[in-house]
Structure formats: structure tokens, C-alpha cells
Amino acid sequence: MERVTDIPWYAALRSYFPILTWMPRYNLTWLKMDLIAGLTVGLTTVPQALAYAEVAGLPVQYGLYSAFMGGFIYCVFGTSKDITLGPTAIMSLLCSAYIGGDPVFAVVLTLLCGVIQMGMALLRLGFLLDFISYPVIKGFTCAAAVTIGFGQVKNILGLKGIPQQFFLQVYYTFHKIPEARVGDVILGLCCLFFLLMLTLMKTSLGSSPDESPLFIRSARGLVWSLATVRNALVVIAATAVAYSAEVTGHHVFSLTGKTAQGLPPFKAPPLSETVANGTLITFSDIVKDLGGGLAVIPLMGVLESIAIAKAFASKNNYRIDANQELFAIGLTNIMGSFVSAYPVTGSFGRTAVNSQTGVCSPAGGIVTGVIVLLSLAFLMPLFFYIPKASLAAVIICAVCPMMDFRVPLQLWRVKRLDLLPFLVTFVVSFWEVQYGIVGGVVVSGFMLLYIVARPKVKVCDDGVLLLEPDSGLNFPVTEHLSRLVFKHALHASPPRCLVLDCSHVSSLDFTVVHELTELLKQIQLRGVSMIFAGLKPSVLKVLLTADLPGFRHTDRVDEALLLLTSISHYQQQL
């Protein structure tokens, strides 16, 4: 009897619902590991979500609103066991440039991002991400890390009235240093110190051999676990200090302040807004104001998430489906807009924690989502006392690993020209992040087009001219090819016969065929010959269909050279 898993319709169903792939194999061991991983990631997610909402310019509860839906949706539709979806530093920075601190704009952006990402998935447009090169990605992430990290210095110092624009932010931060609050500075530096120490402890424990006695291994495991949830520990400790100061009447810290209590209502996302002066902002007005964000944020969200998923899939020996990942992220954002979330993507740091803790399936995300919901339901009053300096320390330590300045040296060693899109993206991103990305993509595109328009052509002249292009012939290359033919063959004295080695040419377009027709006419007028060699069947079919004047071809280059050499000798004797 045929098993259900072997039926074609069931295989198709599994491609749309990946949970059907791993759920039949689920067991108690997996459940135990998923519970541990989900709890650990949850304790990491809560303080980070609060901090990233600050980066996005939104009230802190919106970070938690954005942090739980991904665990439930991705469990059903995702193809990576490791990745966790939620607010991230880069996505928060991008959103802050478009939403202007307005929660309604944030929710509408989330909805439209989800629709665009799902549309890309249904149309199988994941290949568009291939046009964003590695130098552009690294230039953007390095600049984003600097921008985000420095943007939190004002909270470490307890400064007010600092603008969002990076260069103005730098100026006013240094200008207002005399106004720094001593309590915030001391607390912020202490939080940074403890986070750094715990991070170094975890790194050293992770690289040490596991051959010690049992009690030492147990102690190391405990320290590793504490270091893993270091963000939660530091925020809890800082909140306890701030609460103690407040109840004793000492207002020495800048606090998060009042937050909305309880779970967010599940309702349709608002498509318009009435501002304080009574002006109605319609949906079309919101879309116009979001502008380029409707292209940048969906693409960067998908790019970040799929890059992380691929990295951990390679590390843990499984494969992901890029278009299914697109669908899962898009659906997460659509459903997130019903609970007042702002756009989310995959988090590298939390995904690393998830993987290192031994998660066995995407079900770990459900546990993380439950932790966030419990925090929203019962802990929101306590969030009033979270010092902004502690959240700033969490953000700074989270983005520091993104500042990988070894990349320029690697680019210099491998291909120096790739430094150009990296530097354009890096520098322009300090002005506007989205312009940096666009600028880097445009520079990379021009570099790619130049390679297409100017392929390397090997030129050999031993009485008969041999031209050997090293790649395909497309319309940008026509003028370049014609100049080479005229320079080395037709304008030579005497004119040369010509062999065009097409062994590396796999396609032709109409513009190239038209140019070859004109070249063959000029060659005939000058009384010389041209032979095509090494044509692939698909290219030969195109040229035969075009009915080129005087078209001749051979399978081998040496045969063509021998034939044209004989013709040249005969013409010289005449």
C-alpha cells in the first residue's frame, strides 16, 4: 500500500507547509531541546526588542508587538530550523528613516512590506536579491552598525534634544557633553562593561576543550547559559537599581517611562490617521510619504533573513527554499500588522543563540513567542523603570560584531575594484541609509554592465586575424567588436581574413546579429573572408535563421585558420 508521504499531492503540500516535513519525526528529545532554546532566545529577545523599538523611534512596547508573531508563523511555513524572526537593529534603523516615529505609519509599512514580499514569493522573484552584491551588503551593515551604535551614545550620556540625522547627531552629541547626567553615564558604562565581560566569557568557554571533570563542565555550562542571556541579566539588574533609586526619591536615571499595558489588540491595521490638529492623513498620503521605503525595506528584510538562513543551513547541513522563506517573512509581516508590529526580519544574533543552544525544529520559535506574550501580559508596568542607558548598552554590544572592517582588506586582496561599491555604500549611508544601498547597487550594476559591454577579446594576428571573446555577445558589445574588426582586419594593410572563435559564446541577440550582417558586407567589399568557429548548436541555429550574407562556419578553429591561410596565400599570388 502506498504511503501518504509518497503521494504526489502530499509532496506538493509539504512544499507549501514545511511543518509537514519535520512534524512526523518530532519526539520528546526534540521537544526538550526546543523548550530550552526557545526559553533562552526569549530571554534574549525581550530586552533587544525593547531596545530596537527605541532605534526605530517608536514606544518600547512596539518592539515586543513585533517580536512574537514570527515564531508562530515561521514554525508552519519556514524551512530553517535555526532562524528567528523579529525586530533587528538594521531593520529598525531603516524604518526610522520612513515612519518618523508614527506607529500608524509603522503598521501600514509592515502590511505593505508583507504584501510585497508575498507577491515576490508567488512570482518567484527571489532572484532579484542576487543583484545586491556582497560589497554592498557589507558596506551597508558596517555603516548601519556605526550609525546605530553612535546613535545610542546620547542615551548613555543621558542627553536630550539630539537630532536623528547622523552628522548633526555627532555634532550635537559632542556639543552637549557638558550636559551629560552622571547617573546615566555610570550606569551605561557599567552595563557595557558587564556585557563585554560576559561576551568574552562565552567566547572563551565556547572554544575550550570539553575534557574536564563533570563538576567543572557543569559550572562552565552554567556560566555559558548566564552569558547567553546576558542582555536580560543586565537589563534586570539595571532596572532593579533604577527602581531602588526612584522609590528612595533619587531621580538620577533617564527611564523608559510609561508604556501601554497588556497584549496588543488583534485588529485590522489602520489605513488612515487623524493627527492632533484634526487633519486626516489618508492611505494614499501614507503610501506617498513612505516612498522608497516600500522598495528598500522589503528587499533588505528578505535579503538579511535569507542570508542568515543560508549561513546556518550550510553550517548545520540542511537546505532552505528561498521562495518559501520569502513567503514566510511576507506572511509574518502581514499578520504582524494586525498586532501593531513594525517590519521584521531574521536576527543573526538570536539565530546564533538558537543554533548554539541546540534547537531541533522551528517549534522553538513558539516558545520564544510565548515568552514575549507573557512579558506583554504581566511585566509591562515594570518596563517603566528600565533605564535607557541599559538598553543603549544592549544595542551597542549587539551591533559591534557587525563592524567587520576586515572586509576592505579582503576586497583589496581579491579584487580591488569591488572596494568602490563598498565605499560608496558605506559613505553615502551616513547621509541616508536607503541612498547608500541604492548607490552601491547602481555602482555594482555599472561595473557588471561594463564587464558585459567590454568582454576580454583575445587577438592573434599571424597573417589571419583570430578574435576570441571570453564571454557571450550581447547588444552592449556590438560597437566594441566592430572596432576590433575594423582596426585589426579591415583597416590593416593588406586587409586580413578573419576567424571569430565563438567557443565561449552561448547566446546572441538581434542587435549582435544585425551588426554581424553589416560586418560581413564590409568584409566582402574588401575582398577578404570571415569564418565562424566553434559555434554552439543554439548559436548556430540563430545565425542560420538570420541568413547572413557569406556566412561560413567550421567546428574547429585550426581548420578555419588553415582554410583562410590558404585563401590568403592564393590571393597574394594573384
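Taking a 6.0 Å sphere around NZ of K176, one finds it holds more than 12 heavy atoms contributed by other residues, nucleotides or ligands. When the shell of 6.0 Å around CZ of F338 is examined, it contains more than 12 heavy atoms from other residues, nucleotides or ligands. More than 12 heavy atoms of other residues, nucleotides or ligands lie within 6.0 Å of CG in L409, so this atom counts as buried by the packing criterion. The 12-atom threshold is exceeded at OH of Y26, counting heavy atoms of other residues, nucleotides or ligands nearer than 6.0 Å. Shown here is Y172, whose OH atom has no more than 12 heavy atoms of other residues, nucleotides or ligands within 6.0 Å. In F174, the CZ atom is not crowded: 12 or fewer heavy atoms of neighbouring residues, nucleotides or ligands sit closer than 6.0 Å.
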Are I334 and M118 close enough, and set up right, to give a side chain to side chain contact (heavy atoms under 4.5 Å, CB included), and what steps lead you there? CA-CA 9 Å; I334 290 175; M118 280 194 68; 3.3 Å; yes
Test side-chain hydrogen bond (donor to acceptor under 3.5 Å, both in side chains) on D34 and S361; report intermediate values, then the result. CA-CA 7 Å; D34 287 346; S361 76; 2.6 Å; yes
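Paired with F422 under the rule side chain to side chain contact (heavy atoms under 4.5 Å, CB included), one option of V407, V136, I137 passes, and it is V407. The side chain to side chain donor-acceptor pair (under 3.5 Å) with Y342 is formed by just one residue from the set S66, S337, S92; it is S92. Screening I395, V394, I386 for a side chain to side chain contact (heavy atoms under 4.5 Å, CB included) with L50, the sole residue that qualifies is I386.
The distance from atom CE of M201 to atom CE of M197, rounded to the nearest 0.5 Å, is 9.5 Å. For the atom pair T110 OG1 and I99 CD1, the distance stands at 8.0 Å (nearest 0.5 Å).
Using modelled atom types and a 3.5 Å distance limit, the side chains of N354 and T84 yield no donor-acceptor pair. Looking at Y318 and D82, their side chains do bring a donor and an acceptor atom within 3.5 Å of each other. When only modelled atom types and interatomic distance are considered, Y74 and E325 share a side-chain donor-acceptor pair under 3.5 Å.
Ring geometry for F17 versus F77: interplanar angle of 30 to 60°, hence tilted. Under the 30°/60° scheme for interplanar angles, the aromatic rings of Y385 and Y243 are found to stand perpendicular. In this pair, Y435 and W431 present their aromatic rings tilted. The plane angle is within the 30 to 60° band.
Across all non-hydrogen atoms, the minimal contact from P59 to P103 is CD-CG, 4.5 Å. Across all non-hydrogen atoms, the minimal contact from P87 to V344 is N-CG1, 3.9 Å. Annotation for H251 and R181: closest pair O-NH2, 3.0 Å, computed over non-hydrogen atoms. Closest heavy-atom contact between T239 and V235: OG1-O, 2.6 Å. Between S305 and L85 the shortest heavy-atom distance is OG-CD2, 3.7 Å. Among all heavy-atom pairs drawn from L58 and A106, the shortest one is CD1-CB, 4.0 Å.
Residues K388 and D184 form no side-chain contact, since every pair of their non-hydrogen atoms from C-beta on lies 4.5 Å or further apart. Here the side chains of I186 and V182 are in contact, with some heavy-atom distance below 4.5 Å. By the 4.5 Å heavy-atom criterion applied to side chains, N155 and E54 are counted as neighbours.
For F430 and F166, the ring centers are positioned less than 6.0 Å apart.
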